[in-house]
**Student:** 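Quick one: the structure is below, and I'll ask about it shortly.
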Amino acid sequence: MLEVRDIHSYYGKSHILHGVSLDLKEGELVCLLGRNGVGKSTTLKSIMGVVKPQQGSIRFRDQELTGKDPYEIARLGVGYVPEDRRIFRSLTVHENLLMGIKSGEKESVGEGGWTVERVYQLFPRLEERKNNKGSHLSGGEQQMLTVVRTLMGNPRVILIDEPTEGLAPLIVKDVLDMLVTVRKSGVTILMVEQNFKAAIKVADRFYIMSKGQIVFAGNTAALLAAEEVRKNYLEV
Amino acid sequence: MNEIPVFFLHGLAYAGLLFLVSAGLTLVFGMMNVLNFAHAAMYMLGAYFSYSIMMHFTGQFWLSLMVCPAILFIIGALIERFLLRRVHKFGHVQELLLTFGLAYIITELVKWYWGNYPLAVNIGGFLGSTIQIIGITYPVYRIFIFLCAIFVGTVMALILYKTRLGIILRAAVNDSEMTNTLGVNVPLVFMGVFAFGAALSGFAGVIAGPLLSTFPGMAQEILLDAFVVIVVGGFGSLGGAVVASLLIGQLQSFGVLLFPKLSIALVYLLMAVVLIIKPSGLFGEEQ
Ligand SMILES: Nc1ncnc2c1ncn2[C@@H]1O[C@H](COP(=O)(O)OP(=O)(O)O)[C@@H](O)[C@H]1O
Ligand SMILES: [Mg+2]
């Protein structure tokens, strides 16, 4: 459903992505691994249109995404959960959720769509704090909130950047469980992770990046077998 | 012996005017990170347009008060769409330079078309009269300015805190990129906010005409005070703009009464003190 072909992205003059290609099939949970600074976040930003690739193509359900603004890409059904949480500090938890609902949505949401009620049912902790400022939540709660905020727009695919970073091990499990739940509801997921041990529990397939390029693609068994690759390109 | 109430009311009227100018400036800065040097130039345009309208259609102050903001709204929308948006990708310094250049161009055009001398706008009728208030005789017009500011401030607060648009605007002040990725047409929001800010400064210009007279230096004069308001109040905070406008209005007014030579220094002193105690301004978000 998502085909990234040979994209090149820059920050100013520095050339960050050197021809990245990857594919997502409907319903998959794919994980993008790699050391710090290799261009994982930039890859997600390029798909989302936050960074504009200078070359290459990104097709999502037969639409070209390159050249579109982030809001247009979001309206086509791509959800983005950036690193560092990025909740709206001065909005309440409830208002943060409302921000996820897309006003310009073209297709109406069918059965099983995400609503505020459903979010509160699933995450009573968010309902308890619905009138608190977003900035008053704990790290784990903030992460939950950013994910469900994006879900409120009922995306078909979610790009999620290091969802477990900086969270206590118990909370990491909560967040991963949540992603599994989301995926079961039919949403395709592309997740960036540094935490290889966490990723291997939930992902179907893996890509590994190094210096702005994809250096490995394969499923869990292939990654476990490729000891050299893991040693060279992942944190120990 | 009734100097104090007079200067207090003068302070309120000036606070009202300052708020009308600063509200748009702080919203634009909060959202787009652009300190708009052309903001006060648009305020001046409002005053000059109003002068011309009132010369043509004698004394049509109310007409002016509706038409000038509309013209400035369009000018603001065009500036955002065709100039600011194109320069945006080159960075903040370039945006700043653009607004600086625009302010300069507008000022020169104003001098060329209307001349380099003050123009008096006289307001007649009830607005131009005086009334008895807290034991003194006071011009209705200055009270009218304060009421206008309360009206505009209330409408803005209702929009910001009671509507979906308001949630979007506050979200965009926090993090416009995130807002964009959630499916909000942020470029359109920017254009709307910039145009609204321009309209508001045009409105303030119409109101300032009869109070301060209309001259090419009027932009510079209010720009410094408006900058101080948004620094003291906190960038992007409407509530901060209200409080800071009231503070600076009184400071300017009583400053003139008590320390005539130092009244400008007092304003900067206040700014320095606030920046030392709370660098993000009274109502600003800590980063
Ligand atoms: N906004 C930016 N401006 C300039 N360089 C950046 C910016 N963001 C990231 N970079 C650089 O781009 C490279 C890739 O960054 P990133 O995609 O964030 O890596 P990762 O997510 O894999 O850790 C790094 O060298 C980083 O320093
Ligand atoms: Mg990253």
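So that the names make sense, note that chain A is the first sequence line, chain B the second, and so on, each numbered from 1. Scope of the values below: all heavy atoms of this structure, side chains included, with no hydrogens, waters or symmetry mates.
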**Student:** Which is it for A/R86 and B/E177 under the side-chain contact (heavy atoms from CB on, under 4.5 Å) test, yes or no, and what are the steps along the way?
**Tutor:** CA-CA 10 Å; A/R86 305 269 289 267; B/E177 185 182 277; 2.9 Å; yes
**Student:** If you count the non-hydrogen atoms of other residues, nucleotides and ligands that lie under 6.0 Å from CZ in A/F123, is the total more than 12?
**Tutor:**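 More than 12 within 6.0 Å, yes.
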**Student:** Tell me if a side-chain donor or acceptor on A/R149 pairs with a main-chain N or O of B/L182 at a distance below 3.5 Å.
**Tutor:**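 Answer holds: no.
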**Student:** Quick one: what part of A/I73 sits under 4.5 Å from any heavy atom of chain B, side chain, backbone, both or neither?
**Tutor:**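 When you check distances to chain B, no heavy atom of A/I73 falls under 4.5 Å.
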**Student:** Show the nearest heavy-atom pair for residues A/R75 and B/G183, with the distance to one decimal.
**Tutor:** NE-O, 2.9 Å
**Student:** For B/N185 and A/Y71, does a side-chain donor sit closer than 3.5 Å to a side-chain acceptor?
**Tutor:**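 A donor-acceptor contact under 3.5 Å links the two side chains.
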**Student:** Nearest 0.5 angstrom please: B/R170 CZ to A/R89 CZ, how far?
**Tutor:**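 Here the rounded value is 13.0 Å.
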**Student:** Counting only heavy atoms not in A/K52, do more than 12 sit closer than 6.0 Å to its NZ atom?
**Tutor:** yes
**Student:** If you round to the nearest 0.5 Å, how far is OG1 of B/T181 from CE of A/M48?
**Tutor:** 5.5 Å
**Student:** Within a radius of less than 6.0 Å around NE2 of A/H8, do more than 12 heavy atoms belonging to other residues, nucleotides or ligands occur?
**Tutor:**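 Above 12, so yes.
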**Student:** Can you name the closest pair of heavy atoms from A/L91 and B/N174 and give their distance?
**Tutor:**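 Where A/L91 meets B/N174 most closely, the heavy atoms are N-OD1, 4.2 Å.
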**Student:** Check whether more than 12 heavy atoms from other residues, nucleotides or ligands sit under 6.0 Å from atom CD of B/Q220, and answer yes or no.
**Tutor:** no
**Student:** Where is the tightest heavy-atom contact between A/P82 and B/M178, given as atom of each residue plus distance?
**Tutor:** CG-SD, 3.4 Å
